[in-house]
**Q** 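The structure under discussion is supplied below as structure tokens; questions concerning it will follow.
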Amino acid sequence: MCGALRPADSGKKAVLMGWVNRRRDLGNLIFIDIRDRSGVTQVVFNKERDPAIHQKAEGLRNEYVIAVVGTAKQRVPDTVNKNIATGEVELIAEELRILNESKQPPFLPSETVLPNEEMRLKYRYIDLRRDTMQYNIELRHKVALAIRDYLSAQGFFEIETPFMTRSTPEGARDYLVPSRVQPGSFYALPQSPQMFKQILMISGFDKYFQIVRCFRDEDLRADRQPEFTQIDLEMSYPQPERVWEVVEGFLTAAFKASGHEIKTPFPRMSYDEAMRLYGSDKPDMRLPAMVDVRSAFTPEEREKFAAAFKVSPDFTSLLIRIPKAGDISGTERRTIGTYGAFAHSQGTSFVSLMSDPNRFARDYPNSLEPILKAAGVEAGDLWVLAVRKADSRQSANQFYQTCGQLRLDLAQKYAAKHGFFAKTGDPAKDYRFIWVTDFPMFEWDRESGRWNAAHHPFTSLHDEDMAKLESSFDTTSDPKSALGEIRALAYDVVLNGTELGSGSIRIHRQDIQSKIFRALGMTEEEARSRFGFFLEALEYGTPPHGGIALGLDRIVMILAGADSLREVIPFPKTARAVDLMVDAPTPVSEAQLKELGIEVKK
RNA sequence: GGGGACGUAGUUCAGUUGGUUAGAACGCUGCCCUGUCACGGCAGAGGUCGCGGGUUCGAGUCCCGUCGUCCCCGCCA
């Protein structure tokens with residue numbers, strides 16, 4: 001391998017095969033860096049020593065594939081290259097074979113500046129030759145392997161489930177596959193193997209996992225691809241804590257595989273708390289929480305503030321703190337709230353911001369100190385007070401969420417100053433995990449005017465909330481229904497503000513499952529027609545069970561320090577869900593369509 | 001569906017107030033060079049300024065449309 005030679009090998013014969021990474025032609029002396037996935041080695045062609053082979057080497061160009069036979073030699077001290085692992089040796093070429101030539105590539109893998117992503121994706125095979133991509137793909141392999149090994153050792157079976165299955169209720173849009181044998185009918189690609197893994201529990205495979213591709217036809221983001229890989233698992237008879245333990249176990253193994261020792265158990269926080277403190281159900285714990293400072297106002301100044309901002313006297317006032325943002329000009333301060341997700345979410349329309357410390361000190365001199373103290377503000381920190389406009393129809397949670405977005409926008413803008421997103425080498429700081437628990441069971445869907453399952457309709461609820469469920473059947477089309485207060489036995493694992501995975505304890509009794517469908521405004525007949533097979537299965541002795549699924553791509557992305565899933569997926573799709581290399585999707589022939597009984601509207 | 005950024009040589013970019021022949025670096029071609037390692041030196045080739053339309057005496061530059069890539073909102077049980 002091209003990255004393997006060491007001083008101890010000097011004098012040995014070696015055969016290296018790989019690409020010409022760089023050539024340095026000094027005339028009678030030619031150096032070639034030969035590269036494969038393991039690294040690079042310098043090969044020397046000396047005209048004096050061997051004119052024939054030297055002449056052949058003159059014809060070498062970037063990205064030619066060659067085989068070199070030679071003798072490894074320790075370099076003399078002042079010619080050592082400390083930048084590469086093989087820098088203390090070189091290969092004295094004795095035989096050179098050109099295995100294949102290369103056209104001039106649109107860009108070179110050895111180039112330090114990246115071409116734009118369109119180019120990288122179109123010529124992905126060249127892009128993947130680059131060090132970082134080779135590293136990321138290797139990392140992905142190691143992480144997946146570590147997880148497989150861990151789960152297998154814990155008694156989990158990896159079991160495959162169908163890709164061609166039936167369209168699932170609710171959730172994301174399905175990718176559909178037309179049936180030729182039954183024209184007009186379609187398979188759907190799984191958004192997740194949810195029902196199959198529950199069926200596996202009913203089938204007695206009490207510990208299941210699968211590293212499996214899932215498909216969702218929704219718009220893409222940097223951390224969302226239409227096909228992505230989940231670490232999916234399910235087990236019988238667990239408390240949530242047991243599921244968390246398994247996840248913490250395989251994440252420990254996965255992080256160890258990439259050289260990081262993480263600490264378990266992860267901290268836990270309820271959904272309500274996460275919303276109040278971070279304005280998000282996936283809090284980024286690397287940054288300070290938001291603090292409600294309303295009680296730190298003096299009574300008089302609270303009145304004054306409420307009047308000035310036209311809010312009721314018991315207003316919620318969140319202080320968002322960005323540490324060490326340093327001096328910020330008035331002009332810059334006025335742009336707060338005009339960029340990023342906060343502006344996009346129309347936060348400015350119902351959230352008022354106060355971000356001028358001088359003005360605040362002037363108008364509320366007696367409250368300043370207690371407020372800054374309550375929020376832990378230190379010199380050099382940027383802080384913004386956010387209050388909800390009185391006439392707003394937005395819910396308290398929407399207010400928290402919007403403030404949470406502002407918190408992230410600001411943190412991103414001043415990342416270079418506070419440095420909380422930079423890797424320190426200390427896993428306890430670099431990787432802030434948290435379990436978010438007790439999600440709401442249902443969420444109101446304004447468009448369809450009914451309640452939806454927040455997680456999915458097979459999620460269990462807290463025993464104590466059962467009464468609320470049973471008393472709410474008359475209010476299933478009321479946005480103020482008590483359904484909104486029911487807590488699910490659902491949990492997310494979050495890392496640095498990214499949702500890694502989501503799971504729950506499932507419903508294992510048919511009578512409770514029916515009640516959930518009723519709450520979702522579904523009649524018995526509708527439920528039967530949509531997943532009758534599943535309801536029937538529940539009636540044949542279903543053990544209590546629960547599980548979770550984690551995004552492998554996201555885990556690897558964070559470990560790789562990448563900003564996009566495309567850096568850890570060999571063949572990803574663009575924001576318009578196009579594969580630029582193979583040019584998919586494409587129209588298909590009339591004949592193909594006809595066979596499937598499909599007519600395309602133009 | 002909506003908002004924003006970008007699109008100039010093979011690649012990464014610069015291109016002033018609209019003004020004569022559109023530049024640089026890397027890559028490419030040729031020549032020189034025996035210790036380079038992002039080798040160096042000399043010479044050279046390489047451009048439908050994404051595409052279409054408009055304004056203008058004159059458009060890479062201004063306007064409209066369109067296509068593509070990226071980021072975000074909506075969406076993502």
Side-chain angles (χ1 to χ4, degrees), chain A residues 21-33 40-49 54 58 61-63 73 75-84 86-87 90 103-123 126 168-174 191-192 194-195 214-226 228 338-347 401-402 405 408-409 412 439 441-443 445-447 451-459 488 490 499 502-504 516 520 549 551 563-564 566 573-576 578 580:
Chain A
N21 196 50
R22 268 178 194 284
R23 88 197 146 96
R24 292 175 293 280
D25 184 348
L26 276 61
N28 291 328
L29 190 60
I30 297 173
F31 298 101
I32 297 287
D33 292 338
V40 294
T41 299
Q42 174 164 281
V43 182
V44 186
F45 299 89
N46 191 323
K47 191 173 191 178
E48 199 173 78
R49 182 187 290 263
H54 174 272
E58 280 180 335
R61 294 293 179 268
N62 286 324
E63 299 307 302
K73 175 178 156 258
R75 299 200 202 179
V76 297
D78 58 335
T79 65
V80 164
N81 183 353
K82 278 170 286 185
N83 299 322
I84 56 175
T86 60
E90 58 195 4
K103 292 210 301 190
Q104 183 190 343
F107 56 92
L108 293 174
S110 60
E111 202 70 57
T112 42
V113 277
L114 277 179
N116 74 40
E117 222 176 330
E118 208 174 336
M119 198 57 62
R120 292 179 55 198
L121 291 175
K122 182 168 178 194
Y123 299 96
I126 295 172
T168 41
E170 329 228 355
R173 274 184 287 267
D174 289 316
Q191 297 173 26
S192 83
Q194 184 60 36
M195 282 196 278
C214 300
F215 307 86
R216 294 179 192 175
D217 185 6
E218 295 294 345
D219 287 345
L220 289 81
R221 288 285 188 282
D223 63 353
R224 265 166 32 193
Q225 282 275 312
F228 58 100
T338 61
Y339 51 81
F342 179 80
H344 279 133
S345 65
Q346 292 161 349
Q401 258 173 32
T402 304
Q405 281 173 336
L408 291 178
D409 289 348
Q412 218 149 50
F439 274 76
M441 186 80 181
F442 303 102
E443 57 194 12
D445 182 348
R446 211 183 304 175
E447 272 173 42
W451 291 86
N452 268 339
H455 185 56
H456 57 56
F458 314 114
T459 303
E499 179 198 315
S502 200
S504 65
I516 297 296
L520 292 171
D563 292 325
S564 153
R566 297 183 299 277
K573 291 179 176 56
T574 69
R576 280 174 60 255
V578 168
L580 290 176

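Naming: A, B, ... by sequence-line order, numbering from 1 per chain. Because the structure is predicted, anything quoted here is derived from the model rather than measured.
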**Q** Given that both distances must come in under 3.5 Å, which nucleotide forms a Watson-Crick or G-U wobble pair with B/U20?
**A** none
**Q** How long is the line joining NZ of A/Lys103 and C1' of B/G46, in whole Å?
**A**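 Computing the A/Lys103:NZ to B/G46:C1' distance gives 16 Å.
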**Q** Locate the shortest heavy-atom distance separating A/Asn62 from A/Arg23; write the atom from each residue and the value.
**A**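 Between these two residues, the closest heavy atoms are OD1-N, 4.4 Å.
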**Q** Using the rule for Phe, Tyr, His and the six-membered ring of Trp, do A/Phe107 and B/U11 stack at under 5.5 Å and under 30°?
**A**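 It does not: the two rings, one from A/Phe107 and one from B/U11, miss the stacking criterion.
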**Q** Does a side-chain N or O of A/Arg173 approach OP1 or OP2 of B/C75 to a distance below 4.0 Å, or not?
**A**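 Looking at the OP1 and OP2 atoms of B/C75, neither is under 4.0 Å from any side-chain N or O of A/Arg173.
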**Q** Taking atom P in both B/G3 and B/U8, compute the distance separating them and give it to the nearest angstrom.
**A**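 Their P atoms lie roughly 24 Å apart.
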**Q** So, does the side chain of A/Asp219 form a donor-acceptor pair with the base of B/G74 at under 3.5 Å?
**A** yes
**Q** Using the P atoms only, state how far B/A25 lies from B/C70, rounded to an integer number of Å.
**A** 31 Å
**Q** Measure the distance from NZ on A/Lys122 to P on B/G50 and round it to the nearest whole Å.
**A** 17 Å
**Q** Please report, rounded to the nearest Å, how far the C1' atom of B/U12 is from the CZ atom of A/Arg120.
**A** 14 Å
**Q** Measure the OG1-CD distance between A/Thr41 and A/Glu90 for me, rounded to the nearest 0.5 Å.
**A**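 It is 10.5 Å, given to the nearest 0.5 Å.
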**Q** Taking B/G7 as the reference, what is the distance to B/G54 when you measure between their P atoms (whole Å, please)?
**A** 24 Å
**Q** Does any nucleotide pair with B/C31 by Watson-Crick or G-U wobble geometry, both distances under 3.5 Å, and what is it?
**A**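 Paired with B/C31, as far as the under-3.5 Å criterion goes, is B/G41.
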**Q** Between A/Asn452 (CG) and B/C76 (C1'), how many Å, whole number?
**A**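 Nearest whole value for this atom pair: 13 Å.
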**Q** Nearest of B/C73, B/A38, B/C76 to any side-chain atom of A/Asn83?
**A** B/A38
**Q** Could you check if a side-chain atom of A/Gln42 sits within less than 4.5 angstrom of a side-chain atom of A/Thr86, using non-hydrogen atoms only?
**A**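 With C-beta onward as the side chain, the pair stays apart.
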**Q** In terms of side-chain geometry, is the basic nitrogen of A/Arg24 or A/Asp33 positioned less than 4.0 Å from the acidic oxygen of its partner?
**A**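 Salt bridge: yes.
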**Q** Using atom P of each nucleotide, how far apart are B/G15 and B/G50 to the nearest Å?
**A** 15 Å
**Q** Please report, rounded to the nearest Å, how far the P atom of B/U36 is from the CZ atom of A/Arg24.
**A**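 Interatomic distance, CZ of A/Arg24 to P of B/U36: 10 Å.
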**Q** For A/Asn62 and B/C28, is the shortest distance between a side-chain N/O and OP1 or OP2 below 4.0 Å?
**A**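 Result: yes.
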**Q** Measuring only the C1' atom in each nucleotide, how far is B/U17 from B/C71? A whole number of Å is fine.
**A** 32 Å
**Q** Ignoring hydrogens and angles, answer whether the base of B/G27 and the side-chain atoms of A/Glu63 contain a donor-acceptor pair closer than 3.5 Å.
**A**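 Checked by distance alone, the answer is no.
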**Q** Are A/Met195 and A/Phe458 close enough that some pair of their side-chain heavy atoms sits under 4.5 Å apart?
**A** yes
**Q** Would you classify A/Leu114 as touching base, sugar-phosphate or nothing, given that sugar-phosphate means primed atoms plus P, OP1 and OP2, and contacts are heavy atoms under 4.0 Å?
**A** sugar-phosphate
**Q** Given side chains that start at C-beta, do those of A/Met441 and A/Trp451 come closer than 4.5 Å, heavy atoms only?
**A** no
**Q** Can you check the distance between B/U29 and B/G10, where both ends of the measurement are the P atom (answer in whole Å)?
**A**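 The same atom, P, in both gives a distance of 15 Å.
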**Q** For B/G7, give the paired nucleotide (Watson-Crick: N1-N3 plus N6-O4 or O6-N4; G-U: N1-O2 and O6-N3; both under 3.5 Å), or none.
**A** B/C67
**Q** In whole angstrom, what separates A/Asp78's CG from B/C37's P?
**A** 12 Å
**Q** Polar atoms only, N or O, under 3.5 Å: list the protein pairs with nucleotides 69-72 of chain B and their distances.
**A**
unit_1: B/U69; atom_1: OP1; unit_2: A/Thr574; atom_2: OG1; d: 3.2
unit_1: B/U69; atom_1: OP2; unit_2: A/Arg576; atom_2: NH1; d: 3.0
unit_1: B/U69; atom_1: O4'; unit_2: A/Glu118; atom_2: OE1; d: 3.3
unit_1: B/C70; atom_1: OP1; unit_2: A/Ala575; atom_2: N; d: 3.3
unit_1: B/C70; atom_1: OP2; unit_2: A/Ala575; atom_2: N; d: 2.8
unit_1: B/C70; atom_1: O3'; unit_2: A/Arg566; atom_2: NH2; d: 3.0
unit_1: B/C71; atom_1: OP1; unit_2: A/Arg566; atom_2: NH1; d: 3.2
unit_1: B/C71; atom_1: OP1; unit_2: A/Arg566; atom_2: NH2; d: 2.9
unit_1: B/C72; atom_1: OP2; unit_2: A/Ala222; atom_2: N; d: 3.4
unit_1: B/C72; atom_1: O2'; unit_2: A/His344; atom_2: ND1; d: 2.6

**Q** Are A/Arg566 and A/Glu117 close enough for a salt bridge, meaning some N to O gap below 4.0 Å?
**A** yes
**Q** Is there a donor and acceptor pair, one atom on the side chain of A/Arg75 and one on the base of B/U36, closer than 3.5 Å?
**A**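 Looking at the base of B/U36, it does pair with a donor or acceptor on the side chain of A/Arg75 (distance under 3.5 Å).
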**Q** Strictly by Watson-Crick or wobble contacts shorter than 3.5 Å, is anything paired with B/G46, and which nucleotide is it?
**A** none
**Q** Tell me the interatomic distance from A/Ile126, atom CD1, to B/U12, atom P, rounded to whole angstroms.
**A** 13 Å
**Q** Mapping A/Glu111 and A/Met119 onto RNA chain B by nearest heavy atom, which one lands closer to the 5' end?
**A** A/Met119
**Q** So does A/Asp445 get a backbone contact from the side chain of A/Asn452, meaning a donor-acceptor N/O pair under 3.5 Å?
**A**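 It does not hold such a pair.
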**Q** Which of the following nucleotides, B/C37, B/A38, B/U11, is nearest to the side chain of A/Gln42?
**A**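 The listed nucleotide nearest to A/Gln42's side chain is B/C37.
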**Q** What is the distance, rounded to the nearest whole Å, between atom CD of A/Gln225 and atom C1' of B/C75?
**A** 16 Å
**Q** How far does CD of A/Gln194 sit from NE2 of A/His456, to the nearest 0.5 angstrom?
**A**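 If we round to the nearest 0.5 Å, A/Gln194:CD and A/His456:NE2 are 3.5 Å apart.
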**Q** If I pick the P atom on B/C32 and the same atom on B/U20, what distance separates them, to the nearest angstrom?
**A** 40 Å
**Q** List the steps, then state whether side-chain contact (heavy atoms from CB on, under 4.5 Å) holds for A/Leu108 with A/Arg22.
**A** CA-CA 10 Å; A/Leu108 293 174; A/Arg22 268 178 194 284; over 6 Å; no
**Q** For A/Glu90, which contact category applies under a 4.0 Å heavy-atom criterion: base, sugar-phosphate, or nothing?
**A**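 If one applies the 4.0 Å heavy-atom cut-off, A/Glu90 turns out to touch a base.
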**Q** With rounding to the closest Å, how many angstrom separate the C1' atoms on B/G46 and B/U12?
**A**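 So the two C1' atoms sit 16 Å from each other.
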**Q** Quick one, give me the B/S/- string for nucleotides 29-34 of chain B, reading 5' to 3', where B means a protein heavy atom under 4.0 Å from the base and S means that only happens at the primed atoms, P, OP1 or OP2.
**A** SS--BB
**Q** Do A/Arg224 and B/C76 share a donor-acceptor pair, side chain to base, under 3.5 Å?
**A**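 Yes.
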**Q** Taking all non-hydrogen atoms of both residues, which atom of A/Ala575 and which atom of A/Leu220 are closest, and how far apart?
**A**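 Closest approach of A/Ala575 to A/Leu220: O-CD1, 3.6 Å.
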